[in-house]
Amino acid sequence: MYQIVSKKSLNPTVTQMEILAPFVAKKALAGQFIILRVAEDGERIPLTIAGYDREKGTVTIIFQIVGGSTELLNHKNAGDYIPDFVGPLGRPTHTTGLKKVCVVGGGVGCAIALPVARALKEQGTEVTSIIGFRNKDLVILEEEFKQASKETYMMTDDGSYGRQGNVCVPLKELLEKGEQFDEVITIGPLIMMKFVCATTKEYGVKTVASMNPIMIDGTGMCGGCRLTVGGKMKFACVDGPEFDGHEIDFDEAMSRSRTYAEFEAHEREETCNLFKMEVK
Amino acid sequence: MAKFNMAPLKNEMPTQEPCVRNGNFEEVALGYTAEMAIDEAKRCINCKNRPCVSACPVNIAIPEFIAKVAEGDFESAYQIIAKDSSLPAVCGRVCPQETQCEGKCTRGIKAGCESVAIGRLERFVADWHNEHCTVQPVPAPLNGHKVAVVGSGPAGLTCAGDLAKLGYEVTVFEALHVAGGVLVYGIPEFRLPKAIVRKEVENLKALGVKIETNMVIGRVITIQELKEEYGFDAVFIGSGAGLPKFMNIPGENLKGVYSANEFLTRSNLMKAYLTGSHTPIQHGKCVAVVGGGNVAMDAARTAKRLGAEVHIIYRRGEEELPARREEIEHAKEEGIIFDLLTNPTRILATETTDPRDPSYGWVKGIECIRMELGEPDESGRRSPKEIAGSEFIIPVDSVIMSLGTSPNPLLKATTEGLETLRRGEIAVDEVGKTSIDGVYCGGDAATGAATVIKAMGAGKVSAKAIDEYIKAKYAK
């Protein structure tokens, strides 16, 4: 059993938890992921690692409430236990030799982009962060990004905070201005990463995207997390989760990610008692 | 001793009716009664040369245990099997006995005669023991040495059991949240009830074996660390088969295309077949399973139980189907359609081109081509050739690819000095010794996809080798 050490709501749909898992904390690196189960009969959910504390033996996860299991996880509190927490899985982000990097995060993906930005800053890389959210209420980790970056650009779709527009707007401006990034690292919704990669492709800037496909075992057995990268079949759990963004077939990944959309929506309704209550 | 039973045929195995069982996940074969078991045991003539024993990968003393069954002394029969097999209730169900012990049985040589039903008797004895025996196995006194076992499938559990019986302190590291490996994620409930696997794992724990789940060796702890930091004198790798193979034809990443591994893992490990499961699985109306091995049969019969019309698509003929005969017969009885000498050429998607349409990107059919068998090649197998222009479409809404697996790259990537073969299998000698001192390997990780009993045999051989290795190391 793994104890939830702390819990913090970052916005109404995004929660941060610190889990006591010394074996995972000992080895975790930015870019890797864990798989957890909330209940004994629960599904296995993959989540990218948002932080770790090797001394305390804790791993931080940040998740969006999207389906039944994340709803159930959000009902747990500090001091509660979850039955399974396995990791670190996948390959860590490749950071060596990078001098100047632009980190582009979107929505809850920013939670995973942050440890990457921090790891880069720690090794002396100059980091520019562009973070985007749907609106002001959904903004998370702004201060943390500012601390990890030389420049931070805040974007919202509706303009209720920062600049109005999507993350590609300042990215394009920077590239147009002649900023020379060694690499762009993007983590967020598939549609956002698709357009980030399309933007950087024009300027020939190497771009790495962190993928989070449907997965079961996460150890190289089931093949559910397969993607097409450069025309070849790749498995996110052992070959990734990060891939060359200019080679990923995003349209296919988006289609596959919706395989269980209907089931998920139904599961969440089943799990959350609020949905069952009549409005009085 | 009672007189031999000279009936030419085996006592039939009571089974659920095909039209009933293809709608439920309960076990197909119901098992012998005590009377049937005694009657069947009397068919063994206790012949001198004991061909069955040498044909068994773990060399169970078959005539001896059968003699005890004939006497009605089932517990003694169990103790004889348990000396050589750590998982009798599993083997009695999933071993390909027809090509092993039963294939060599003296009673089966004459035309029209069947061998003694050794597998069914083994199953009966193990089930009888599990039901009636309340005495816990006694752990052997510890000899002060530690062995790590990577993976809790048939190879790992066998190796762990044998070493524990010799007094080693054994820890099994399992990547998933439950022990059993392929026995829990791969083989369906209707062929091997999970309660039986749990019971076998409990028996091992009673022998003193520790099981640590959620431990992906290579990532959480490396093989080197197990030896150097955690003080294990030896490591046995039984990490099993790895990533599923695909055909590299168009449409394999459409929604509704599964690997057999994924489909079976969802259903077996995650219990997606149960209503109310939190893990989803597609309940296809018409499903194509590509491949003709045991895993393909398991996937097909699972899809059938989830309510589908199921086609097995296999490029060679009936004779060449690699699955066990019994599995093929069971599948046919349950109404699985066999499209033989047929090979898929592409998987077709639904028409809509609007990604926002929920029906976008799903499977709607599989295009296949008819095949014919050519002359036998050097290996003696007749290779299939396409018949030009014979393409046709089977309308399906789901496709399950069951074409075997390639070895998991994780341990190779994280273990310095671990040599592998050309296809990625971990290189071993005849006792499972790898290129690293004190590290042994057996089962699918070393051989590529094979059978449960072969993995158990490898685990057994390596356990003996590890015992000798550690003894030699400390004798110096």
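Throughout, protein chains are lettered first and strands after them, A, B, ... in sequence-line order, and every chain is numbered starting at 1. Note that this is a predicted model, so its numbers are computed, not measured.
- A donor-acceptor pair is defined here as one N or O able to donate and one able to accept, closer than 3.5 Å; such a pair exists between the side chain of Ser259(B) and the backbone of Cys222(A).
- Atom CZ of Arg356(B) sits about 12.0 Å away from atom CE of Met254(A), to the nearest 0.5 Å.
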Query raised in the report: Does the side-chain contact (heavy atoms from CB on, under 4.5 Å) test come out yes or no for Arg226(A) and Val257(B), once each step is laid out?
Result: CA-CA 11 Å; Arg226(A) 63 190 187 273; Val257(B) 182; 3.6 Å; yes
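- With a 4.5 Å cut-off on non-hydrogen atoms, Ser406(B) does not touch chain A at all.
- Expressed to the nearest 0.5 Å, how far CG of Asn214(B) lies from OH of Tyr2(A) amounts to 4.0 Å.
- For the residue pair Ser255(A) and Gly361(B), the shortest heavy atom distance occurs at OG-CA, 3.9 Å.
- Taking Val238(A), Asp217(A), Asp41(A) one by one and counting their heavy-atom pairs under 4.5 Å with chain B, the maximum is reached by Asp41(A).
- The contact between Phe246(B) and chain A is made entirely by side chain atoms (from C-beta outward), counting heavy-atom distances below 4.5 Å.
- In this structure, chain A has no heavy atom under 4.5 Å from any part of Glu212(B).
- Of all heavy-atom pairs between Val86(A) and Met215(B), the closest is CG2-N, 4.5 Å.
- If you measure heavy-atom distances from Pro409(B) to chain A, the contacts under 4.5 Å come from the side chain alone.
- Heavy-atom minimum distance, Asn253(B) versus Met233(A): OD1-CE, 3.8 Å.
- Under a 3.5 Å cut-off, the side chain of Lys27(A) and the backbone N or O of Val220(B) do form a donor-acceptor pair.
- Your options are Thr279(B), Asn248(B), Leu410(B), Ile281(B), and the one with the most heavy-atom pairs under 4.5 Å with chain A is Thr279(B).
- Ion pairing between a basic and an acidic side chain is recognised when a charged N comes within 4.0 Å of a carboxylate O; Lys232(A) and Glu252(B) show no such pairing.
- Taken to the nearest 0.5 Å, the OG1 atom of Thr219(A) stands 6.0 Å off from the CG atom of Leu176(B).
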